[in-house]
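Data first, discussion second: the structure below is written as structure tokens.
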Amino acid sequence: MEKNIIKYIKDGLETIYKAETENISVAVERTREGIDGDFTVVVFPYTKLSKKKPEDTAKDLGVFIKQRFEDISSYNVIKGFLNLKMTQEYWIQRLNNLVKEKSHKNDSPAQRIMIEFSSPNTNKPLHLGHIRNNLLGDAVSRIISAAGNEVIKVNLINDRGIHICKSMLAWMKWGKNSTPKSTNQKGDKFVGDYYVLFDKNYKEQIAELVESGLTEDQAKEQAPLMLQAREILQKWESGDHEVRRVWEMMNSWVYEGFEETYKNLGIEFDKLYYESSTYLHGKELVKTGLEKGIFTQDPDNSVWIDLTNEGLDRKILLRSDGTTVYMTQDLGTAFQRFEEYNPDKMIYVVGNEQDYHFKVLKKIVEKFDKDYASRIEHLSYGMVELPEGKMKSREGTVVDADDLMSEMIENAKKISQENGKINDLPDEEKDKIIKMIALGALKYYIIKVDPKKQMTFNPNESIDFTGNTGPFIQYTHARICSILRNAEKQKIKFNGKVSDETRLLDCEVKLISSLTEYEGIIIESAKKHDPGMIANYIYDLVKDFNQFYHEHSILKEKDTKILQFRLQLSLQIANTIKTGMNLLGIEVPEVM
RNA sequence: GGUCUAGUAGCUCAGCUGGAUAGAGCAACGGCCUUCUAAGCCGUAGGUCUCAGGUUCGAAUCCUGACUAGAUCACCA
């Protein structure tokens, strides 16, 4: 963070104690609230070098660094903590530099990174779990890109397999040729209903079979509906005309529905992959894998890989009937992507229920190509659960993505009307802002929690619009915009340059200090694939600003140097809020 | 049973590459709108950081073990 301080501390250790500092890492942190200082160096680790008490070591270093480093105005020592206070000029410099630093962008992208996320099945509509996936994938993409990399966002649409065959079968049996149009339904919802219908009848059949003496497992295997669904899958794979026709038609309905949902969520992709066109690639790989002796074939023709020596299990790659499984397809897709784009990294945003799958995938890829395997990363995130437990599409206990969004919009509208600040705007403008707020609330709510943690969502408690929320941050942005508008109205000339002689308050220094941390937070967040870090950072910044705002007037400030400074500070904070929130996929309004 | 992940205020979550007195929000209570947007600000109350050991000058943070919850170990995806 503060490279110079680290450098001078190391110099100090070398000159005063004749120590080797090559392998020593110096920890510089922001000084704790309520203690005089801007930065703190923890000197406990150096008492071994100094052979002195922590206090004396800190004093030695304090004297040394104060002498060498003119940006330090004073220091104090509390126990083993050396607190450094920087000069006002230093902080003003930092603020002025913020504007410059942003202008020269990163020269060339550091890495090419492919991110796969969303990856829906085409048999049912998107729900809250998908929303977390999409928001996470989208935000991580934006952040990694902002950290100076080339990002390719891809979506692997799982458009084939037993699940869609179930919907197809149900529609062929009971659909009576109805369509989303004829029933006036969104396409994905329409198809999803048949999936549920399949499951309902399937369960009945299982119950009957169990009644007649079969075990549950046997019943599941032998239920006529399941056998028929399997038959459709085989027909699909052998290219049966009628099956393919129905498949294409039903998928197209689903895509129309998805498109609408993605659009509302503000999610876009650079490339779509369809499993129906990548799974054959996997089949090819199975063949070469067999030739190379990576895979083995059982007497019933099924193909396996034995990973028991690696602490994993035996995993199937081709069923005895020759059809492919998930792993086969993922394998094929992975190689296809490496060959096509040669990314330095390939990140899969997939729920933690598939941790094992990706462990196995990586191992298998490793058998083919060690280098590819090392570039694969699984960004695993926790499931979204309801207070009652897991969401289950088949049982209809899901929070539907579209429903949730429109509910948020309704709530935002209500609150906005009550507050009445944008009631006079044209409807179009108003709707845009309301949608911004509604989605801001939803997105921030989901993104602020650590991806790897499981989260519970209570549909009965609507998502807040006050406190640590998206709208609070959006509101602060609008507030700053309002101040800047008023400055203009009052004909206050804002020249964008802050004088070195401006006297700063502690809370102002704190705000500048926070602003300077922004770039580092992005890098860190990109490295950790954790958008939550940025959410927390912005929240802290915004909270501090609001406190400052309430205690000190900006436009009424008589001292023009301070006035200029505060305008610049506010503007920079607004910019940081805006760009930071954009990295989370959240837009911020200028009025609300 | 094996493996993985998590356990912090009543609730939802920060803090976890070890550092000073563990922080927010929601909910509760009390204040602040003739002053730049009250979706805001200030204050009160709320804690054995699941438990037990260990490493260390120092542990919510690292290690080990228990307990609790979830995931996973399919010719599902």
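In what follows, every chain begins at residue 1, and chains take the letters A, B, ... in the order their sequences are listed.
For the C1' atoms, the distance from A59(B) to G54(B) is 11 Å, rounded to whole Å. Rounded to a whole angstrom, the distance from the C1' atom of U5(B) to that of U50(B) is 16 Å.
Which of U37(B), C41(B), C75(B) sits closest to the side chain of S320(A) comes down to C75(B). With U37(B), A74(B), A77(B) as the candidates, the nucleotide lying closest to the side chain of I316(A) is A74(B). Out of U12(B), A77(B), A71(B), the shortest distance to the side chain of K390(A) is found at A71(B). Out of C41(B), A39(B), A20(B), the shortest distance to the side chain of M592(A) is found at A39(B). For T40(A), the listed nucleotide lying nearest its side chain is A20(B); candidates were C36(B), C13(B), A20(B).
Side chain of N155(A) to backbone of S119(A): a donor-acceptor contact under 3.5 angstrom is found. Under the 3.5 Å distance criterion, the side-chain polar atoms of Y75(A) are left unmatched by any main-chain donor or acceptor of L61(A). Between the side chain of R230(A) and the backbone N or O of E221(A) there is no donor-acceptor pair closer than 3.5 Å.
Contacts of T466(A) with the nucleic acid, taken as non-hydrogen atoms under 4.0 Å apart, involve only primed sugar atoms and P, OP1 or OP2. If you check every strand for non-hydrogen atoms under 4.0 Å, K556(A) touches sugar and phosphate atoms only. R230(A) comes within contact range of the sugar-phosphate backbone alone, with a heavy-atom separation under 4.0 Å but no base atom that close. Within 4.0 Å (heavy atoms only), P45(A) reaches at least one base atom of the nucleic acid.
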Take Y279(A) and W236(A), measure what ring pair (Phe, Tyr, Trp, His ring centres under 6.0 Å) needs, and give me the verdict at the end. CA-CA 13 Å; Y279(A) 83 104; W236(A) 183 93; 5.5 Å; yes

